[in-house]
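Notes for the one structure printed next.
The structure displayed is predicted, hence computed values, not measured ones.
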Amino acid sequence: MKHLPKSEYELMKIIWGAGRDASLSRIEIEAHWSHSEAVLPNTTLTLLSRLEQKGFLSKEKIGKTNLYTAVISEQEYNSSESRRFMKHIFNNSMGNFMNAFYSGKTVSEKDVREMEAFLEKIKNKDVKHF
């Protein structure tokens, strides 16, 4: 799965935020776009077109309106990005990650319980969503 630049990711977050199987028009997407950034309609159309080409969105034309639906879920994308991060930054080593993450910090009892529960799920091969 391809990595998304920030602007494409922000647009996908709007679509994911609309709910599973939701279809949004360009105008609906622009209404939810961050008001701190002025985005021209052509820019939105370009980003939507790129996301469609990359396989993140599907487009359905209804009359004069195009409706966009997420093909890749937020969970799928985040999982892919997490694996990419672990591979490139920590050489696929959970130990290296944990060492860097908790280096010099106090680990709370809650964190320990969550890690233990996660490790137990891994042992039981029952890891879907944690």
4.5 Å side-chain heavy-atom contact, [X] and [Y]:
{"X": "L47", "Y": "S7", "value": "yes"}
{"X": "I15", "Y": "L48", "value": "yes"}
{"X": "F56", "Y": "I72", "value": "yes"}
{"X": "R84", "Y": "S80", "value": "yes"}

Can you check whether [Y]'s main-chain N or O pairs, donor with acceptor, with [X]'s side chain at less than 3.5 Å?
{"X": "E30", "Y": "I27", "answer": "no"}
{"X": "S49", "Y": "L45", "answer": "no"}
{"X": "Y77", "Y": "L4", "answer": "yes"}
{"X": "R26", "Y": "L67", "answer": "no"}

How close do [X] and [Y] get, heavy atom to heavy atom, and via which atoms?
{"X": "A70", "Y": "M12", "value": "CB-CE, 4.1 Å"}
{"X": "H3", "Y": "K54", "value": "O-NZ, 4.3 Å"}
{"X": "A18", "Y": "L24", "value": "CB-CD1, 3.8 Å"}
{"X": "S58", "Y": "V71", "value": "N-CG2, 3.5 Å"}

>> Please say yes or no: joined through hydrophobic side-chain contacts below 4.5 Å, possibly via intermediate residues, are V112 and M98 part of one cluster?
In response: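 Yes, because V112 and M98 connect within a single hydrophobic cluster, where side-chain heavy atoms sit under 4.5 Å apart.
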> Are M115 and F97 grouped together when hydrophobic residues (ILVMFWY) are joined by side-chain heavy atoms under 4.5 angstrom apart?
Replying inline: yes
First locate atom [atom1] of [X], then atom [atom2] of [Y], and finally report the distance between them rounded to the nearest 0.5 Å.
{"X": "Q53", "Y": "K2", "atom1": "CD", "atom2": "NZ", "result": "9.0 Å"}
{"X": "E52", "Y": "N66", "atom1": "CD", "atom2": "CG", "result": "8.0 Å"}
{"X": "K87", "Y": "N92", "atom1": "NZ", "atom2": "CG", "result": "7.0 Å"}
{"X": "E74", "Y": "S79", "atom1": "CD", "atom2": "OG", "result": "10.5 Å"}
{"X": "E116", "Y": "E109", "atom1": "CD", "atom2": "CD", "result": "8.5 Å"}

>> One pair to check against side chain to side chain contact (heavy atoms under 4.5 Å, CB included): E120 and N124. What are the steps and the verdict?
In response: CA-CA 6 Å; E120 191 61 34; N124 296 329; 3.6 Å; yes
>> Is it true that S73 and E76 share a donor-acceptor pair across their side chains at a distance under 3.5 Å?
In response: yes
> Strictly by modelled atom types, are T69 and S23 linked by a side-chain donor-acceptor pair under 3.5 Å?
Replying inline: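 Result is yes, a qualifying pair exists.
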> Under 4.0 Å between a Lys/Arg side-chain N and an Asp/Glu carboxylate O for E114 and K110?
Replying inline: yes
> Quick one: side chain to side chain donor-acceptor pair (under 3.5 Å) partners of Y102, sequence neighbours excluded?
Replying inline: D111
